[in-house]
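One structure is given here, and the rest of the page talks about it.
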Amino acid sequence: MKGRIIGRNGRNIRAFELATGVDVVVDDTPEAVTISCFDPVRREIAKRSMAKLVQDGRIHPARIEKLVDDARIDVENAVREEGERAAYETGVHGLHPEVIKLLGMLKFRTSYGQNQHAHAIETARFGSMIAAELGANVEVAKAAGLLHDIGKAIDHEVEGTHAIIGADFLKRYGVKDKRVLNAVASHHHELEQEYVESYIVEAADAISGARPGARRESLESYIKRVKTLEEIATSFEGVEQSYALQAGREVRIIVRPEVVDDLSAIRLARDVAKQIEETMQYPGQIKVHVIRETRAVDYAK
């Protein structure tokens, strides 16, 4: 079967990669073919096409093109249905079809093994419950919770962080409520949180991601990443203490004011960020926060 997938002189595998835009890895692993692509929807189309080809057994370029076209239509329908289901289940109405489409695309995106479509629905539910308890606006918290990670559906195509990308996209497609836009843009602190619903969405997101069994990142690798962050920071001259905060999304560095002046503090933040980029692998972005504080103490006797 692997020989048939490759085809004579590799013509079948080339035709498949051309039609789907993915990389197909056929190695010595028994009964396995690996499909690799940064775009989760493209990967899903390729996966469905390959499954049908293997099941059918007739593998040639013309057949590949037909099955890929069929799979593309199936996935587009599935994306729309999943987006509508998420909006229906959470009771968030009046969303633009493009927003619905992106919500559906999250079905094929995972973060540490957690499905982002399920995570969005879960965050909306947690957000509405917390808002109801605190007397905040339930509808705003629910909508922002559902849409908070929508940027993850297109963050491989657009430059920037998923929170800012998501907020810009929603603004473009008819979401006018400033509370929803602020909650989406600020849930990883890239922008200042201006409303109580923004804090609620951040809390709901953290609860959904941190609950036991939600994500597959092992405790060992998490501790190792946090420890490495602190070690990188303390390796620089003039650093007194360093703390990794927000599950490794921020490193706070306290420097000795007599060793590091204001200009050096700015340079230190840039150098630490550069070293983290070069030596570590991590999702999203890490905020490097350098604090230089001078205190004068005297006593009146």
For this session: Check each of V138, V180, N137, L134 against E197 using the side chain to side chain contact (heavy atoms under 4.5 Å, CB included) test, and report the only one that passes.
Result: N137

For this session: Determine, step by step, whether Q193 and Y195 satisfy the side-chain hydrogen bond (donor to acceptor under 3.5 Å, both in side chains) criterion, reporting the C-alpha distance in whole Å, the side-chain angles of both residues, the deciding distance to 0.1 Å, and the verdict.
Result: CA-CA 6 Å; Q193 292 171 325; Y195 306 97; over 6 Å; no

Seminar exercise, completed: What one should report as the nearest heavy-atom pair of L146 and A124 is N-CB, 3.6 Å

Exercise. Is there a chain of hydrophobic side chains (I, L, V, M, F, W, Y, each step under 4.5 Å between heavy atoms) that links Y173 to V92?
Worked result: yes

Problem set entry | Donor-acceptor pair, side chain of R292 and main chain of P257, under 3.5 angstrom | yes

Exercise. Going by the side-chain hydrogen bond (donor to acceptor under 3.5 Å, both in side chains) test, which pairs reach into residues 82-105, not counting sequence neighbours?
Worked result: E82-R85, R85-E89, E89-R125

Exercise. When rounded to the nearest 0.5 angstrom, what is the spacing between CD1 in I207 and CD in E122?
Worked result: 10.0 Å

Exercise. Is the shortest heavy-atom distance from the side chain of T20 to the side chain of R72 under 4.5 Å?
Worked result: no

Exercise. Counting only N and O atoms by type, is there a donor-acceptor contact under 3.5 Å from the side chain of Q114 to the main-chain atoms of S208?
Worked result: yes

Problem set entry | Residue pair H119 / D149, side-chain heavy-atom distance below 4.5 Å | yes

Exercise. Would you find a donor on one side and an acceptor on the other, under 3.5 Å apart, between the side chain of N9 and the backbone of R11?
Worked result: no

For this session: Check for a donor-acceptor pair, side chain of N182 on one end and backbone N or O of E194 on the other, with a separation under 3.5 Å.
Result: yes

For this session: List in chain and number order the residues that pass salt bridge (Lys or Arg N to Asp or Glu O under 4.0 Å) with E250, two or more places apart in sequence or in another chain; answer none if no residue qualifies.
Result: R252

Exercise. To the nearest 0.5 Å, how far apart are CG in L245 and CG in L229?
Worked result: 10.0 Å

Exercise. Would V33 and M1 count as a side chain to side chain contact (heavy atoms under 4.5 Å, CB included) if you check the C-alpha gap in whole Å, the side-chain angles of each, and the deciding distance to 0.1 Å?
Worked result: CA-CA 10 Å; V33 172; M1 181 52 72; over 6 Å; no

For this session: Determine, using the 4.5 Å side-chain heavy-atom cutoff (strictly less than), whether I276 and V239 are members of one ILVMFWY cluster.
Result: yes

Seminar exercise, completed: In short, A244 meets E230 closest at the heavy-atom pair N-OE2, 3.0 Å

For this session: Answer yes or no: is there a side-chain heavy-atom contact under 4.5 Å between R14 and L18?
Result: no

Exercise. Which heavy atom of I200 sits nearest a heavy atom of A141, and at what distance?
Worked result: CG2-CB, 4.1 Å

Problem set entry | Heavy-atom check, side chain of V25 versus side chain of I35, under 4.5 Å | no

For this session: Over all heavy atoms of both residues, which pair between T279 and I232 is shortest? Give the atoms and the distance, please.
Result: OG1-CD1, 3.4 Å

For this session: Taking the side chain as every heavy atom from C-beta outward, state whether H289 and I253 have any pair of such atoms under 4.5 Å apart.
Result: no

Exercise. Are the side chain of K2 and the backbone N or O of D27 linked by a donor-acceptor pair below 3.5 Å?
Worked result: yes

Seminar exercise, completed: What one should report as the nearest heavy-atom pair of A163 and E190 is CB-OE1, 3.5 Å

For this session: Decide, yes or no, whether a salt bridge links R43 with D23 under the criterion of side-chain N to carboxylate O below 4.0 Å.
Result: no

Exercise. Would I64 and V68 satisfy side chain to side chain contact (heavy atoms under 4.5 Å, CB included), going step by step from the backbone distance to the final call?
Worked result: CA-CA 6 Å; I64 287 166; V68 168; 4.2 Å; yes

Exercise. What pair of heavy atoms forms the shortest contact from A269 to V288, and how long is it?
Worked result: O-CG1, 3.8 Å

Exercise. Is the centre of the H148 ring less than 6.0 Å from the centre of the H162 ring?
Worked result: no

Exercise. Can D177 and K171 be said to form a salt bridge (charged side-chain N to carboxylate O under 4.0 Å, His left out), step by step?
Worked result: CA-CA 9 Å; D177 196 318; K171 198 173 181 181; over 6 Å; no

For this session: Applying salt bridge (charged side-chain N to carboxylate O under 4.0 Å, His left out), run through R109 and D155 and close with a yes or a no.
Result: CA-CA 11 Å; R109 168 76 193 249; D155 63 354; 3.0 Å; yes

Exercise. Is there a path from V184 to L102 through hydrophobic residues (I, L, V, M, F, W, Y) whose side chains come within less than 4.5 Å of each other?
Worked result: yes

For this session: Run the salt-bridge test on E44 and R48 with the 4.0 Å N-O cut-off and return the result as yes or no.
Result: yes

Problem set entry | Lys/Arg-Asp/Glu bridge criterion (N-O < 4.0 Å) met for K66, D70 | yes

Problem set entry | L53 side chain near D56 side chain, heavy-atom distance below 4.5 Å | no

For this session: Please determine if R63 and E65 form a salt bridge, counting it only when a charged side-chain N lies under 4.0 Å from a carboxylate O.
Result: no

For this session: Look at the side-chain heavy atoms of Ile, Leu, Val, Met, Phe, Trp and Tyr, link any pair under 4.5 Å apart, and say whether I254 and I266 land in one connected group.
Result: no

Problem set entry | Interatomic distance, N12 atom CG to R4 atom CZ [nearest 0.5 angstrom] | 10.5 Å

Exercise. When you look at L103 and L95, which way does the side chain to side chain contact (heavy atoms under 4.5 Å, CB included) test go after all the steps?
Worked result: CA-CA 10 Å; L103 264 179; L95 295 174; 4.1 Å; yes

Problem set entry | Minimum side-chain heavy-atom gap L181-V175 below 4.5 Å | yes

For this session: May I ask you to check whether over 12 heavy atoms, not counting those of E258, lie within 6.0 Å of atom CD?
Result: yes

Exercise. What's the spacing between H117 NE2 and F108 CZ if we round to 0.5 Å?
Worked result: 9.0 Å

For this session: Find the distance between NZ (K152) and CE (M105) and round it off to the nearest 0.5 Å.
Result: 14.5 Å

For this session: Before giving the answer on side chain to side chain contact (heavy atoms under 4.5 Å, CB included), spell out for D262 and R267 the whole-Å C-alpha distance, their side-chain angles and the decisive distance to 0.1 Å.
Result: CA-CA 9 Å; D262 287 346; R267 202 179 297 126; over 6 Å; no

Exercise. Distance-only, no hydrogens or angles: does the R80 side chain make a donor-acceptor pair with backbone N or O of I100 under 3.5 Å?
Worked result: no

Exercise. Heavy-atom distance under 4.5 Å between the side chains of V272 and F236, does that happen here?
Worked result: yes

For this session: Treat each ILVMFWY residue as a node, draw an edge where side-chain heavy atoms are under 4.5 Å apart, and state whether V22 and V54 are in one component.
Result: yes

For this session: Nearest 0.5 Å please: distance from the CD atom of E202 over to the CD1 atom of I130.
Result: 11.0 Å

For this session: Show your working on salt bridge (charged side-chain N to carboxylate O under 4.0 Å, His left out) between K274 and E277 and close with a plain yes or no.
Result: CA-CA 5 Å; K274 194 175 179 185; E277 283 174 9; over 6 Å; no

For this session: Ignoring hydrogens and angles, tell me if any N or O in the side chain of R42 forms a donor-acceptor pair with the backbone of G21 under 3.5 Å.
Result: yes

